[in-house]
Each structure stands twice: as structure tokens, then as C-alpha cells.
Amino acid sequence: RVYPEGGRIVTGASCMFEDTTVIWDVSEGRALHELVPDHGTICALELSPCGGFLVTGGYYIDIWDGATGDLWHGFLTYYDGIAGVAISNAAETVVANSELGQLNVYDGRSGELVRTLATDGIVKAFALLAGGHLLVTFSHSEAIVWDVHRCVALRSLEGFDGGVRVAGASSSGNVVAACGGTWPGEPWVRVWDASIGRMLDEVLSDKAITRHYFPCLLAVGPEVPLARNIVS
């Protein structure tokens, strides 16, 4: 994952003996912090939209300080493992997607399970907006904006036709972006205003999707609603 300012990235690696997450300085190519969990395997990681917190998930969810790499706290979650995680700017809300497709919302401070969202189909990607109250989920057939606190689907995103691989939220505001496409077409990046569901921009890649090529990384800068200013 890429930090919003673009100067740092965070990577995760899993092996038989140890799981390691590393925060890197991009310009110097050196490791700034190495994060080693006390328990379990890391299956997913995500930054908060502003980059202040990092969340990793496996059988446990761990919340880390995005600047220092210090472990804030962790809590047990799914018995079947985690496929994706997201965290709000203030770390008060954490969302985790199980390998079986269940989408749960946790209190980031206590680790308490707050609610489960009844999504239609398996969620392929999702993004928690900066304020922590809006969540956008992408499945095979639909993209839905949710009110996390009320557990209510608010609206669909216009222009969505499936094929999302990765999604991200801007560090402030209601902008959400997704990268996707279907073989043998062209990969695309699309940007929406989640508060109204309107698509703001779209960019198509000039490189066709193959078995060996598909964009899998997305970074959304602050206050930038245009796909041409998004790294994918």
C-alpha cells in the first residue's frame, strides 16, 4: 500500500516461519519500520485514508501506528481467516471481510463486533471513507454505499459493471476509487463521489488484461477527485 503523501509504502510478506510487514522510504529505498505480529498469519493489510494507522488481519486483527510502526492493540476475529481489512482515520472503526464473504464491522478501540453487513454476493473489494461512517463495497454485480453505523445501504455507484480488484478512499472527503476490468479488455480506474454515487472520472489503460498483468495496487491522494492523479 502507498501512503497518501507518496513518500512511503507498506508491504506485507507471509512465509512458513514468520510474517513481516515493513514500512519503506520510497526515495531512499530503505526500511523504516518492521512490524512483526505476536500471533498468527497476516493475510491482509490496509492503511487508514490519511495514513495515520495501519491494520493487518489474519486470525487476529492488529492495529499499528502508521508513523512509528508501534502496535496499538489487537483482537481475535474470524476462525476462517480474513481476506480484506479497512480502518478509519481515527481508528474507531475497523471493517474485515472473511474468506467466506462475511463483512463485519468492529469497534477499533475495544475490538468488539458491532454489526455484520448483509451484502448481496461475495465482496471483492471495499473502502472505508475517512470519517468512518460510510463504507463502499464492490461485488461481482454491484457497488453499494453503506451507512456503517445504521447498517443501511444508501445508494449504488453509477457506471459500475463489475470486475473490481482493489478499492481505496481519499484521505479526506467522500471520494472513492476502484481499479478493475475483465479479460480480455482494458483495465480501468474509476472515481466516484460516494455521498451521491456519481462517477467523477474514468481512465482506461493502454495495456490489455492478461493472465500475467492486472493492476493490484491503488493509492488515492488527498482532495484529488480525478483518476489521473491516482497511482494504480
Side-chain angles (χ1 to χ4, degrees), residues 1 4 44-55 57 61 63 75 77-78 82-180 189-201 218 220-225 230:
R1 293 294 185 263
L45 63 86
E46 189 58 82
L47 289 163
S48 62
C50 69
F53 288 96
L54 170 69
V55 59
I61 288 177
I63 300 175
F75 50 91
T77 172
Y78 297 106
I82 283 179
V85 287
I87 186 169
S88 62
N89 272 346
E92 81 281 9
T93 303
V94 173
V95 180
N97 187 22
S98 81
E99 294 174 352
L100 297 181
Q102 185 179 12
L103 201 65
N104 281 1
V105 181
Y106 294 89
D107 184 310
R109 296 184 175 88
S110 68
E112 178 185 358
L113 175 62
V114 178
R115 60 191 59 84
T116 298
L117 297 182
T119 59
D120 183 14
I122 295 177
V123 173
K124 305 297 291 184
F126 58 94
L128 185 63
L129 272 67
H133 66 284
L134 292 181
L135 175 75
V136 183
T137 60
F138 298 88
S139 65
H140 286 293
S141 59
E142 60 182 2
I144 302 295
V145 181
W146 300 81
D147 183 314
V148 173
H149 300 307
R150 293 190 293 142
C151 198
V152 173
L154 300 178
R155 63 190 64 90
S156 298
L157 297 184
E158 68 176 25
F160 176 74
D161 53 7
V164 166
R165 295 294 185 91
V166 62
S170 62
S171 56
S172 60
N174 295 313
V175 174
V176 63
C179 183
V189 176
R190 292 172 183 160
V191 183
W192 292 270
D193 182 337
S195 65
I196 57 177
R198 183 168 63 90
M199 187 163 67
L200 302 175
D201 200 6
L218 186 72
V220 186
E223 303 290 350
V224 179
I230 293 174

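Scope of the values below: all heavy atoms of this structure, side chains included, with no hydrogens, waters or symmetry mates.
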Heavy-atom neighbours of I196 CD1 exceed 12 at 6.0 Å: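 Atom CD1 in I196 is crowded, with more than 12 foreign heavy atoms closer than 6.0 Å.
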F138 ring center within less than 6.0 Å of F126 ring center: no
With rounding to the nearest 0.5 angstrom, report the [atom1] to [atom2] distance, [X] to [Y].
X    : Y    : atom1 : atom2 : value
F75  : I61  : CZ    : CD1   : 4.0 Å
L157 : T137 : CG    : OG1   : 8.5 Å
I122 : H140 : CD1   : NE2   : 6.5 Å
T116 : L103 : OG1   : CG    : 8.5 Å
E142 : S156 : CD    : OG    : 6.0 Å
N174 : L129 : CG    : CG    : 5.5 Å

Does [X] reach the main-chain N or O of [Y] with its side chain, forming a donor-acceptor pair under 3.5 Å?
X    : Y    : result
D147 : L154 : no
R115 : N104 : no
E158 : R198 : no
S88  : T93  : yes

L117 vs C151, side-chain contact (heavy atoms from CB on, under 4.5 Å): CA-CA, chis, key distance, verdict: CA-CA 6 Å; L117 297 182; C151 198; 3.4 Å; yes
Working for side-chain contact (heavy atoms from CB on, under 4.5 Å), residues W192 and V175: CA-CA 6 Å; W192 292 270; V175 174; over 6 Å; no
Evaluation steps, side-chain contact (heavy atoms from CB on, under 4.5 Å), between V114 and Y106: CA-CA 5 Å; V114 178; Y106 294 89; 5.6 Å; no
Which atoms form the tightest heavy-atom contact between [X] and [Y], and what is the distance?
X    : Y    : answer
L134 : V148 : C-CG2, 4.2 Å
A127 : G168 : CB-C, 3.9 Å
I82  : A44  : CG2-CB, 4.3 Å
V105 : L113 : O-CD1, 3.5 Å
G108 : V94  : CA-CG2, 3.9 Å
P4   : P49  : CG-O, 3.1 Å

Sole candidate of L128, I144, V176 that passes side-chain contact (heavy atoms from CB on, under 4.5 Å) when paired with L135: L128
R190 and D161 ion-paired at < 4.0 Å: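 Yes, R190 and D161 are salt-bridged.
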Close side-chain approach of E46 and V85, heavy atoms under 4.5 Å: yes
